[in-house]
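Okay, structure first, notes after.
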Amino acid sequence: QLVTEVLNRINTLGYNFSNLGRLSYVMDIRFIPIVLEYWNKFQSENFRMSILFALHFKEYHFYTPTVLELYRNEQDEEMLFRISDVLYAMRNRKYIPQYLEIVHQASYGHAPDMIMSILCQFHVREAMTRLLELLALYPSVWSYTFLKYVYQFKDPSLLPYVLPYLECDD
């Protein structure tokens, strides 16, 4: 019934969508209030993910604070990753302090997500410092992210952290 309700509201905007997945194909700023209104009403993770992907556009970056709030209030690890993926799509340098705030939380890091990738793509030195901490705590979780972004920092002091991977069979 909620799906029908969301689709009916979206379709009054001039669309003829038959499923929530279609929301991710069209960038229409008018979707966002509807998506945010229904976000927590869905019990099904699949429906929550479907509706979340309506926000998956860089042009919606001004909704980053709202999506960060969704991230902060989420408990499910898979959903945290999905929300971080939306944040990655809408990433903007303006929100670097908010991204840093999240990665510095004590609870951050036991599972990978895209917030660290956002910071690394923006070459935020403080992010690499935190990534090295996370790498020491959770090497199996963060080694890929570290290796993917370390070269972008062009910092010779990071070479000792890379060397063990050059000698590793994995």
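Atoms considered below: every heavy atom in the structure, side chains included; atoms not considered: hydrogens, waters and symmetry mates.
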| request: Check whether any side-chain heavy atom of Leu2 lies under 4.5 Å from a side-chain heavy atom of Gln43, and answer yes or no. | output: no
| message | Can you tell me how the ring of Tyr165 sits relative to the ring of Phe146, calling it parallel under 30°, perpendicular over 60° and tilted otherwise? | response | tilted
| said: Between the side chains of Arg48 and Glu78, is the shortest nitrogen-to-carboxylate-oxygen separation below 4.0 Å, so that they form an ion pair? | reply: no
| Spatial distance of atom CG (Leu70) from atom OH (Tyr63) [nearest 0.5 Å] | 12.0 Å
| request: Under the salt bridge (charged side-chain N to carboxylate O under 4.0 Å, His left out) rule, what do Glu5 and Lys41 come out as? Steps first, then yes or no, please. | output: CA-CA 11 Å; Glu5 208 174 300; Lys41 293 181 181 180; 5.2 Å; no
| request: Could you tell me whether the side chain of Trp142 and the main chain of Gly109 form a donor-acceptor pair under 3.5 Å? | output: yes
| request: Assign the ring pair Tyr138 / His110 to parallel, tilted or perpendicular, where the plane angle (0 to 90°) is split at 30° and 60°. | output: perpendicular
| said: When you measure from the centre of the six-membered ring of Tyr25, is the NZ or CZ of Arg22 closer than 6.0 Å and no more than 45° off the axis? | reply: no
| Below 4.5 Å, heavy atoms only, C-beta onward: do Leu55 and Val86 meet side chain to side chain? | yes
| Roughly how far apart are Leu135 CG and Arg130 CZ, rounded to 0.5 Å? | 11.5 Å
| task | Give, for atom CG of Leu147 and atom OH of Tyr161, the distance between the pair rounded to the nearest 0.5 Å. | result | 14.0 Å
| request: Determine yes or no for a side-chain-to-main-chain donor-acceptor pair under 3.5 angstrom, with Gln105 supplying the side chain and Ser107 the backbone. | output: no
| query | What distance do Ile118 atom CD1 and Ser84 atom OG have between them, rounded to the nearest 0.5 Å? | reply | 7.0 Å
